[in-house]
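Below is one structure, written out as C-alpha cells, with a few remarks after it.
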Amino acid sequence: MLKRADFLRANNGMRVARPGFILLAHPNHEQGIRYGITVTKRIGNAVVRNRMKRRFRELLWANLPELGLPDHDHVLIGRETGIERDFARLQQELRRALEKLHRGEADPPRRRNASKPRQRRK
RNA sequence: CCAGGGGGCCGGGCAGUCGCGUCGGAGCGUUCGCGCUUCGCCGAGGAAAGUCCGGACUCCAUGAAACAAGGGUGGCGGGUAACGCCCGCCGGACCGUGGCCGACGCUGCGGUUCAGGGACAGUGCCACAGAAAGCAGACCGCCGAUGACGCGAGCCUUUUCAAGGACUUGGCGAACAGGCAAGGAUGAAAGGGUGCGGUAAGAGCGCACCGCGCGGGCAGUAAUGUACGCGGCAUGGCAAACCCCACCCGGAGCAAGGCCGAAUAGGGGCGGCGCGCCGCGAGGCAGGGAUGUUUCAUCCCGAGCACGCCCGGGUUGGCUGCUGGAGCGGGAAAGCGAUUUUUCGCCUAGAGGAAUGGCUGCCCCUCCCGUGGCAGGUCGCUAAGGCGAUACCGCAUGGCGAGGACAGAAUCCGGCUUACAGGCCCCCUGGCAUC
RNA sequence: UGGGGUGUGGCCAAGUGGUAAGGCACCGGUUUUUGGUAUCGGCAUUCGCAGGUUCGAUCCCUGCCACCCCAG
C-alpha cells in the first residue's frame, strides 16, 4: 500500500491490538492481499523506525500468503513495546491476530471523535 | 609490570538457510513499454550524523577588469582543486624545573595555550571606588631654595632708658606666593623598574643594569632575531565596539538540469457553419422586454457551435542526471612534515514512501556463576626441605548463562564538529621490581 | 536542500557590557471570629551547555544541545 487514502480507509476496518503492534484489516475490492506499515515518530529515531519496518515486513512476508485475508489491506501499526521485541513472539502474536480476523472476532473500528460523543440538547 | 598523558588504527570473524534490492545469464509471456520464474555476482559508515566551511557538476545572470554594497578571513612560509582545513616555523601568555647568591628580572629544558594585522586615521567606552580614568592633573603629603611676612640679631637716627627705620640678614618661625610628584590611598589599569648619585624637596635630572623605541648593519624567502649606536621614556587598555588596511567571494541548488508524455476537460489561432438589415468601423435603422398615462422618453437584452486542423501550457507519471572517482590497496623516490611524483594491482551499493532483515552453528571479547589447590602470587605452620589454606589476584576448565557501542547511503568529493562498547600499536612522563 | 527564530525562578516575561525589573503562583507575618480580599516581607551561583575575548559576559565571539517556524 502506498497511498494515504488506503491507510485512512484501513483505519475504518477491523482492528486487533497486540503488545507489539496493532493490526488493521479492510477489504480492498479485488486488489489481492496487500500490506502497509505505520511507524510514527514517537516510536524513536529513524534507525529504530526503519528497523521496526524491516522486521514487520519480514513478518508479513512470512505469514500473509498463508494466513492473510484474501482481497484485504493489512496495516501494522508499531507500538513502543514492539521495539526489539523477540521475533518469535511477534510472529506468534501476528498469527493469533490473523486467526481472530478470520473468525471475525476483531474489535470495532475506532470512530472519529469517539472521545466526545455529541449529545442532543433538550 | 602499573598509572597518567599524547598520537595513529580497528570497530566483531567464518559459515549455513529463508527473504529483499541493483546488475548479468537462461526460460516463459508480452499490449514491445515490460512482466513473471529461476540461477549467479555484489549489496552501508568511521562517523553514512550535524549541515558548519570548501569544491566538482548543472542551470540562470554577466563583454573583460575595476569599483560600490554585503559577507568572510587575518603572524610568516608551505601543502592543496579549494578552504575558516593540514604541516612547519616565528612571537606572546601561563605552568613545572634548573642556573645567574636572594628579590626583581633574564635565561636553559619540558609542557599547555593563543581569532596572533592596525590603538600618533578618526569616533566611542573604561561602571563602583578613587583627588584624578586619559588632557595629564594634584586630595593627603614633601619642601620653603626664590619672593613676600613675622620674630630675633646687626646697622643707622634720636639726649639715656627706650623708641623709630625707604638699611642688612650663613639665625628662628609660620607655610602666603611658589616648587615637587618620592610616599599614602582607590582600582583591572595611575604616564618605565631596581639601585646609587643628586636636591630645599624632588624628578631620566645624571649614571649602571634591565625594559621600551628609533636608526642603519648583519642573519633569514619571510614572520622575526640580533651585536652596535642613538633617543629620551614622550601619547594606558578595549578593534570577538564602530572602524581602517590587506586578501577572498556573481546567484541558486540533483526537488539543479535534460528528454518523453496517452485519454478527458479547459486555453489560443485558422477554417467551416451561423449571427434581422446597412456599414471596414464608430454607429445607424429595425426587433423584444421593463418603467412612467398611448405618441414619446430612458434603461436593458439579443451568437455562438455537441464541427475540423494546428499550437503551446498544466496535473499524475516514466526515462536520464546516477555512480570509474581530486578512487582504493601495496612498493619505490623527494620532503623535517602536510603532501607530491611514479609504478603494480583492483572495480568496490546505487535505493527511490526509499533494498542490508529473520533464524541457526562455531569462534572472539567483557561480565556473572560454578569446579579444580593448581608448577604462579598471598596467608599460616616449619630450622630448612616441605606441608596446609585459598576470601582475593592469577591459571586451567565448565555453563543449552548474560552482554557486544554510536549509529543507516539518497548527486559526488576534501575538511571541521559531535556521538561511540570494546580492542590493538607507537611515543613521552612518573613509580615499582630485576640485571 | 535552503532560510529564520527562541532558550532568564514553578508559569508569563523585561533586561543587550558593570547589584537580573515586573506580574502570576508559592511560603511567612499583619488585618478578620474563620476563609477570601487588602497589605508587608521572602523566594535566581547552571541566565540551555562548553570554551574564549574583556578588569568584568544574560549581553560580544566560536562550537554544541533542545524546541519552534518558513520555502521548494
Side-chain angles (χ1 to χ4, degrees):
Chain A
M1 296 164 58
L2 300 180
K3 294 191 182 299
R4 171 173 164 82
D6 293 334
F7 282 89
L8 291 177
R9 186 151 11 85
N11 213 22
N12 297 324
M14 293 180 289
R15 177 183 191 88
V16 179
R18 300 279 98 171
F21 54 83
I22 296 170
L23 176 64
L24 304 177
H26 189 267
N28 61 7
H29 310 293
E30 314 266 330
Q31 297 272 338
I33 295 180
R34 301 198 303 181
Y35 72 86
I37 297 170
T38 298
V39 181
T40 63
K41 259 189 184 175
R42 56 175 300 159
I43 299 298
N45 62 16
V47 176
V48 172
R49 295 200 307 272
N50 288 342
R51 177 167 170 82
M52 179 175 270
K53 286 188 219 170
R54 290 195 298 266
R55 302 181 81 221
F56 278 2
R57 204 172 294 133
E58 185 69 29
L59 278 173
L60 292 163
W61 282 331
N63 295 292
L64 273 191
E66 319 161 36
L67 297 172
L69 280 68
D71 291 328
H72 271 66
D73 286 342
H74 303 73
V75 175
L76 273 186
I77 301 175
R79 312 182 70 174
E80 287 183 56
T81 48
I83 299 170
E84 292 302 313
R85 192 177 180 81
D86 183 77
F87 193 82
R89 293 187 65 175
L90 281 176
Q91 177 149 328
Q92 198 178 11
E93 288 165 6
L94 178 64
R95 286 166 181 265
R96 290 271 170 77
L98 285 170
E99 286 165 11
K100 283 190 80 168
L101 286 181
H102 272 287
R103 295 195 300 268
E105 293 177 1
D107 299 324
R110 180 182 283 182
R111 290 206 310 282
R112 273 211 161 162
N113 301 331
S115 58
K116 38 177 180 179
R118 278 225 172 262
Q119 274 189 329
R120 283 206 165 253
R121 303 284 297 266
K122 179 173 191 187

Sticking with atom C1', work out how far U80(B) lies from G55(B), rounded to a whole angstrom. 11 Å

Separation of atom CD in Gln91(A) from atom P in C359(B), rounded to whole Å: 10 Å

Looking at A26(B), which nucleotide sits across from it as a Watson-Crick or G-U wobble partner, both distances under 3.5 angstrom, or is there none? U37(B)

Just name whichever nucleotide pairs with G216(B), Watson-Crick or G-U, keeping both distances under 3.5 Å, else none. none

Of the residues in residues 58-68 of chain A, which ones touch RNA chain B at a heavy-atom distance under 4.0 Å? Glu58(A), Trp61(A)

Is the base of G204(B) syn or anti, if syn means a glycosidic angle within 90° of 0? syn

When you match Lys53(A) and Asp86(A) each to their closest nucleotide on RNA chain B, which lands nearer the 5' end? Lys53(A)

Do the side chain of His26(A) and the main chain of Val75(A) share a donor and acceptor less than 3.5 angstrom apart? no

Paired with G324(B) by Watson-Crick or G-U wobble geometry, both distances under 3.5 Å: which nucleotide is it? none

Not counting sequence neighbours, which residues clear side-chain contact (heavy atoms from CB on, under 4.5 Å) with Arg54(A)? List them please. Asn50(A), Arg51(A), Arg57(A)

For a side chain to side chain contact (heavy atoms under 4.5 Å, CB included) with Leu90(A), tell me which candidate from Arg18(A), Arg55(A), Glu58(A) qualifies. Arg55(A)

In the strands shown, is U411(B) matched to any nucleotide by a Watson-Crick or G-U wobble pair with both distances under 3.5 Å, and which? A56(B)

Considering just the side-chain nitrogens and oxygens of Arg55(A), establish if one lies under 4.0 Å of OP1 or OP2 belonging to G358(B). yes

Could you point out which residue of Arg15(A), His74(A), Met14(A) forms a side chain to side chain contact (heavy atoms under 4.5 Å, CB included) with Leu24(A)? Arg15(A)

Judged by whether its glycosidic angle lies within 90° of 0, G33(B) is syn

Main chain of Pro70(A), side chain of His72(A): is a donor-acceptor contact present, judged purely on distance under 3.5 Å? yes

How should the glycosidic conformation of U316(B) be described, syn or anti, under the criterion that syn lies within 90° of 0? anti

Would you mind pulling out the nucleotide paired to C387(B), Watson-Crick or G-U wobble, both distances under 3.5 Å? G380(B)

U37(C) -> Watson-Crick or G-U wobble partner, both distances under 3.5 Å, gives none

Take nucleotides 403-409 of chain B nucleotide by nucleotide from the 5' end and write B, S or -, depending on whether a protein heavy atom sits under 4.0 Å from the base, only from the sugar-phosphate, or from neither. ----SB-

Residues forming a side-chain contact (heavy atoms from CB on, under 4.5 Å) with Pro19(A), sequence neighbours excluded: Arg85(A), Glu93(A)

According to side-chain contact (heavy atoms from CB on, under 4.5 Å), who are the partners of Gln91(A), at least two apart in sequence or on a separate chain? Leu59(A), Asn63(A), Phe87(A), Arg95(A)

Could you give the CZ-to-C1' distance, from Arg89(A) to G358(B), as a whole number of Å? 17 Å

Counting Watson-Crick and G-U wobble pairs only, both distances under 3.5 Å, name the nucleotide matched with G335(B), or none. none

d(CD1, Ile37(A); C1', C20(B)) in whole Å: 12 Å

Is the base of G288(B) syn or anti, if syn means a glycosidic angle within 90° of 0? anti

Should A166(B) form a Watson-Crick or G-U wobble pair with both distances under 3.5 Å, which nucleotide is its partner? none

Under a 90° cut-off about 0 for the syn range, is A44(B) syn or anti? syn

